[in-house]
Student: 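Below you will find the structure I want to go over with you.
Positions are given from 1, in the same order as the sequence printed here. What you see is a predicted model; the values in this text were computed from it and never measured.
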Amino acid sequence: MSERENWPLVSYVVFSYNHARFVRQAIDSILAQDYPALELIVVDDGSTDGSRELLRSLSREKGFQLVEKDNGGIVSAVNVGIPLASGAFIVPHASDDVSHPGRTRAQVRALQSMPQAGFTVGGIRKISEDGSLLEDCQAIGPKIYCFEDFLWRRASASAVSCMYRAEAIRAVLPLDERISFEDVQLFWRVTEEGWQCLLDDRILAVDYRIVRHSLGRSRKVRLWRDFLQFIQRYQGHSWYDAVLMQANSGLFVQLAIEEKREAIRFLLEHAKSIHSLALLRGGLLLPVPELVVRRMRKKY
């Protein structure tokens, strides 16, 4: 029996959008894996910078499947790309990141050693646009996380270094495309189904590229707003009000950093419905006194 037949198929699904400068390196890093049974699918999400033309050429040269779609965002790309994967394990991959050559073999072994794990999270290094090292991997694992750990934000997991068991990720698709992020949707919904997350960041998986233009001014505000929308699906759970207050607090703090007038409006709008809005200061949740709220109402 060949070595390929001894190892389960692993599908890499690359989500590409306007990364013409980086996508070849991302693809080459996947095809250079020290692993004999790989499938590569690239989903181009309506790129306008020449990425699509480059990917067509690379697809002919290297033999991977290229899917071209109109721009719909990362969640739309996940919903299109993941169902096409035929591997027993699936790796979502950004088109500007670089995978380390031993990650596939090591992460497959990690998931094989823990049948209850729906996905594993590897270590990352942060690199600049030109590929120079910004921050080395600081491993804290191995650790095991469940749904409650993600619910109460006790879990530390990087979406860019994950490998999923195919049955675990397929079971939670399609993701909600009204929400701009895919990672929290996957983490929550996979673990909600009873699967566990195995953090083993001793396995160096990915060089995560920090690209300036991807960090929009109000991106974090949007993420908090989307998170509030996402958790609405959990209304009726005993813990919902506490998680809602935590999310409102996070949004308020981000508004206070980025959009101060919006922060004041948000505080005035939500002070009664939350009863006493919590502010995050030094890791402590401090209630806003009703007297402060009344004075702010008079001023604004």
Side-chain angles (χ1 to χ4, degrees), residues 15 17-18 45-46 48 71-79 94 96 126 129 134 149-160 175-189 208-300:
F15 306 110
Y17 178 68
N18 284 353
D45 189 39
T48 58
N71 180 250
I74 180 61
V75 179
S76 170
V78 167
N79 285 339
D96 57 342
K126 293 181 181 179
E129 291 190 44
L134 297 176
D149 294 312
F150 288 101
L151 178 66
W152 299 116
R153 305 184 70 183
R154 296 191 297 256
S156 175
S158 169
V160 302
L175 303 181
D176 188 343
E177 295 184 14
R178 299 170 300 172
I179 296 168
S180 60
F181 52 75
E182 87 293 357
D183 50 355
V184 175
Q185 291 198 65
L186 287 171
F187 294 163
W188 281 46
R189 293 181 62 182
Y208 170 57
R209 197 182 304 270
I210 306 298
V211 181
R212 285 192 302 271
H213 67 73
S214 66
L215 303 175
R217 171 176 163 77
S218 296
R219 175 169 166 75
K220 290 185 179 179
V221 168
R222 182 187 177 188
L223 291 176
W224 276 111
R225 292 192 188 280
D226 281 1
F227 181 66
L228 282 165
Q229 182 177 346
F230 170 66
I231 64 173
Q232 287 178 7
R233 71 191 300 270
Y234 294 98
Q235 288 186 53
H237 288 268
S238 59
W239 42 260
Y240 176 75
D241 287 343
V243 173
L244 178 63
M245 177 177 284
Q246 184 184 70
N248 275 321
S249 301
L251 176 55
F252 175 78
V253 170
Q254 200 60 46
L255 284 169
I257 295 170
E258 298 182 11
E259 303 171 16
K260 291 180 173 53
R261 284 193 172 274
E262 285 298 316
I264 293 168
R265 293 191 187 98
F266 182 83
L267 176 60
L268 298 179
E269 178 185 350
H270 291 276
K272 281 191 174 180
S273 63
I274 302 175
H275 184 62
S276 60
L277 184 67
L279 292 176
L280 188 63
R281 288 183 178 172
L284 299 176
L285 291 175
L286 304 175
V288 178
E290 180 61 26
L291 176 61
V292 173
V293 174
R294 289 201 299 270
R295 287 177 177 174
M296 292 175 68
R297 282 203 177 98
K298 287 180 181 179
K299 184 175 181 180
Y300 293 93

Student: State, to 0.1 Å, how close Y17 and G46 come at their nearest heavy-atom pair, and which atoms those are.
Tutor: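 Nearest heavy atoms, Y17 then G46: CE1-O, 3.7 Å.
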
Student: What closest approach, in Å, do A263 and A256 show between heavy atoms, and which atom pair accounts for it?
Tutor: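 Heavy atoms of A263 and A256 come nearest at CB-N, 3.6 Å.
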
Student: Working to the nearest 0.5 Å, report the span between CG of L223 and CG of L251.
Tutor: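 Going from the CG atom of L223 to the CG atom of L251 covers 10.5 Å.
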
Student: Looking at every non-hydrogen atom in both residues, tell me the closest pair between W224 and Q254 and how far apart they are.
Tutor: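 It is CD1-CB, 3.9 Å.
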
Student: Which word best sums up how the rings of W188 and F227 line up, parallel for under 30°, tilted for 30 to 60°, or perpendicular for over 60°?
Tutor: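 The arrangement is perpendicular - the two ring planes meet at more than 60°.
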
Student: Backbone N or O of S180 within a donor-acceptor pair of the D226 side chain at under 3.5 Å?
Tutor: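 Flag set: sc D226 to bb S180 pair under 3.5 Å.
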
Student: CG of D96 to CD1 of I210: how many Å apart, nearest 0.5 Å?
Tutor: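 One gets 9.0 Å once the value is rounded to the nearest 0.5 Å.
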
Student: Please report the shortest heavy-atom distance between L228 and L244, naming the atom on each side.
Tutor: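 Minimum heavy-atom contact is CD2-CD1, 3.6 Å.
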
Student: Look up atom CD in Q246 and atom CG in D241, then write down how far apart they are to the nearest 0.5 Å.
Tutor: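 The CG atom of D241 is 13.0 Å from CD of Q246, to the nearest 0.5 Å.
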
Student: Between the side chain of Q229 and the main-chain N/O of R225, is any donor-acceptor distance below 3.5 Å?
Tutor: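 No, the answer is negative, given that no donor and acceptor are paired below the 3.5 Å cut-off.
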
Student: For the atom pair CG (D45) and CG (N18), what is the distance rounded to the nearest 0.5 Å?
Tutor: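 So the CG of D45 and the CG of N18 are separated by 9.5 Å.
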
Student: For the residue pair L255 and E262, what are the closest heavy atoms and their distance?
Tutor: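 Smallest interatomic distance, heavy atoms only, reads CD2-CB, 3.9 Å.
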
Student: Is it the case that the side chain of Q185 and the backbone of D176 share a donor-acceptor pair, with hydrogens and angles ignored and the cut-off at 3.5 Å?
Tutor: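 At least one qualifying donor-acceptor pair exists.
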
Student: Hey, what do you get for CD (E259) to CZ (R265), rounding to the nearest 0.5 Å?
Tutor: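 Taking CD in E259 and CZ in R265, the distance rounds to 10.0 Å.
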
Student: N79 side chain to L175 main-chain N or O, any donor-acceptor pair under 3.5 Å?
Tutor: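 Side chain of N79 to backbone of L175: a pair is present.
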
Student: What are the two closest non-hydrogen atoms of F181 and V75, and how far apart are they?
Tutor: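 Heavy atoms of F181 and V75 come nearest at O-CG2, 3.4 Å.
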
Student: For a ring-ring contact (aromatic ring centres under 6.0 Å, His included) with Y234, tell me which candidate from Y240, F150, W239 qualifies.
Tutor: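 Only one option passes, and that is W239.
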
